[in-house]
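Data first, discussion second: the structure below is written as structure tokens.
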Amino acid sequence: MIPTIPQTKLLKWSYRAYVTLFFVYLALPLTVVSVFAFNNSVFPSLPWEGFTMAWFFGTEAPFIGVFNERSIMRAIGTSAFVAVWVAGLAVFVGTCNAFLFVRHDFRGKGFLYILMLLPLIIPGVILGISILVFASSVANTLEDNTEMWFDALRPGLVLVILGQFSFITTFATLVISARLQKFDTSLEEAALNLGATKWGAVRQITLPFLLPAIMGAGVVAVLMSFENFNTTLMLVGSDSPLTITMFDKLKHGSTPVLNAVSLLLMIVSAGLGLLALLFQRGKD
């Protein structure tokens, strides 16, 4: 609503009802998933059979909890491994990209910037298939000419990391660039006049200023890596991340253990987001 335009009571109440329904629409599925993680039933649906924590800590079939489900715990470890690598690469390259696009003018800058944004509009399935076909072609060519086996270019964690990195880096670049544009370059010039080297000025002044954005980009990268499905599905090998493992289990029938995993992911995601927000406020 536009505050400067007079509003009738009917319009105001309609707007409030719309906002309320919108947030109910967003929160209701998450609430239902969370509630049925504690249902004492082998089916994640009504009727309610009573409260239980077995889907988190259970050890006897069929109530085997998420913390005792080996395939789920292995998948969480795989997703964490991938997320750490993707976040590290995305933040490093995103920081370099930010300095490139904000600090430098060169021929073809606009075209390069568009190329950097392309992964945002390319469907994840298409991106995954493209990376898989390209990597397989390179692997086949190298193997034919060297008679060596290039496992890294076959479906597996390396391709999953590269596939997620290819589009998550774009988000990291945008987040860090937005912060860098607010930086007062006269602070670096003052440091240079006082005898600091160019790298010393960047390390002592610019990077600490960018730290909240770098931390935020890292959190975003971790969360996006954990939840990614489309691109990962095309590139995964024998070691499946969490989203692929949950999809495989869902095909054989849903159980409340998947609700429990979803609830844990929501809690961890909210916690990481809150920490990033608090860190950013503390630095501003």
Side-chain angles (χ1 to χ4, degrees), residues 16-87 124-125 128 157 160 164 168 218-278:
R16 292 171 183 171
Y18 163 76
V19 173
T20 302
L21 289 174
F22 176 74
F23 282 103
V24 168
Y25 170 77
L26 292 180
L28 190 58
L30 301 179
T31 303
V32 171
V33 168
S34 301
V35 169
F36 282 110
F38 302 98
N39 188 18
N40 191 20
S41 170
V42 295
F43 301 104
S45 59
L46 293 172
W48 180 261
E49 300 290 345
F51 181 86
T52 182
M53 294 291 290
W55 297 114
F56 293 90
F57 305 104
T59 57
E60 297 182 0
F63 294 92
I64 299 179
V66 58
F67 293 110
N68 294 300
E69 182 74 45
R70 291 185 178 180
S71 60
I72 292 292
M73 296 305 296
R74 188 184 305 113
I76 292 175
T78 301
S79 290
F81 175 81
V82 171
V84 169
W85 272 100
V86 170
V125 173
L157 293 184
V160 170
Q164 294 184 4
I168 293 178
V219 170
V220 170
V222 169
L223 295 179
M224 292 187 67
S225 175
F226 253 91
E227 62 85 25
N228 183 260
F229 177 78
N230 294 336
T231 303
T232 303
L233 181 64
M234 299 296 106
L235 303 173
V236 72
S238 58
D239 296 321
S240 299
L242 184 59
T243 51
I244 307 301
T245 299
M246 292 178 68
F247 176 70
D248 290 338
K249 287 185 173 295
L250 189 61
K251 290 189 297 184
H252 295 92
S254 179
T255 65
V257 72
L258 298 182
N259 297 54
V261 175
S262 301
L263 178 57
L264 292 175
L265 288 178
M266 284 188 277
I267 293 174
V268 172
S269 299
L272 287 176
L274 182 60
L275 285 176
L277 182 61
L278 292 175

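The structure presented is a predicted model; accordingly, all values stated were derived computationally and were not measured. Side chains are part of it too, since the values below use all heavy atoms of this structure and drop only hydrogens, waters and symmetry mates.
Here the shortest heavy-atom pairing between Asn40 and Glu49 reads O-CB, 3.0 Å. In terms of heavy atoms, Met234 sits closest to Val125 at CG-O, 3.8 Å. Val219 approaches Gly273 most closely through the heavy-atom pair CG1-N, 4.3 Å. Between Phe56 and Ala37, the shortest heavy-atom distance links the atoms CE1-O, 3.7 Å. Across all their heavy atoms, Gly218 and Ala87 have their closest contact at O-CB, 3.9 Å.
Sorted by first and then second residue, the salt bridge (charged side-chain N to carboxylate O under 4.0 Å, His left out) pairs involving residues 247-273 (not counting sequence neighbours) are Glu69-Lys249, Asp248-Lys251. Sorted pairs that involve residues 18-34 and meet salt bridge (charged side-chain N to carboxylate O under 4.0 Å, His left out), not counting sequence neighbours, are lacking altogether.
To the nearest 0.5 angstrom, Thr78 atom OG1 is 9.5 Å from Leu242 atom CG. Here Ser240 contributes atom OG and Leu233 contributes atom CG; the two are 9.5 Å apart, rounded to the nearest 0.5 Å. Remark: Leu264 CG to Asn259 CG distance equals 11.0 Å, nearest 0.5 Å. Atom CD of residue Glu227 and atom OG of residue Ser79 lie 11.0 Å apart, to the nearest 0.5 angstrom. Remark: Asn230 CG to Leu235 CG distance equals 11.0 Å, nearest 0.5 Å. Here CG of Leu265 is found 7.0 Å from CZ of Phe226. Values are rounded to the nearest 0.5 Å.
Around atom CZ of Phe51, more than 12 heavy atoms belonging to other residues, nucleotides or ligands sit under 6.0 Å away.
In this structure, the side chain of Asn39 does not engage the main chain of Trp48 through any donor-acceptor pair within 3.5 Å. Judged by distance alone, with hydrogens and angles left aside, the side-chain atoms of Thr245 form no donor-acceptor pair with the main-chain N or O of Ile72 at under 3.5 Å. The main-chain N or O of Asn228 is found under 3.5 Å from a side-chain atom of Thr243 such that the two form a donor-acceptor pair.
Checked against Phe22 for a side-chain contact (heavy atoms from CB on, under 4.5 Å), the options Leu26, Val19, Thr20 give a single hit: Leu26.
Under the 6.0 Å cut-off for aromatic ring centres, Phe36 and Phe43 do not qualify, their centroids lying 6.0 Å or more apart.
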Test Phe229 against Ile244 for side-chain contact (heavy atoms from CB on, under 4.5 Å), laying out the working first. CA-CA 7 Å; Phe229 177 78; Ile244 307 301; 3.7 Å; yes
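Ser269 is linked by a side chain to side chain donor-acceptor pair (under 3.5 Å) to nothing, counting only residues two or more places apart in sequence or in another chain. Looking at residues two or more places apart in sequence or on another chain, you find a side chain to side chain donor-acceptor pair (under 3.5 Å) between Ser225 and Gln164. Applying the salt bridge (charged side-chain N to carboxylate O under 4.0 Å, His left out) rule to Asp239 yields no partners; only residues at least two apart in sequence or on another chain are considered.
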Compile the donor-acceptor pairs under 3.5 Å between side chains in residues 58-68 and protein atoms, sequence neighbours left out, one pair per line.
unit_1, atom_1, unit_2, atom_2, d
Asn68, ND2, Phe57, O, 3.2
Asn68, ND2, Gly58, O, 2.9

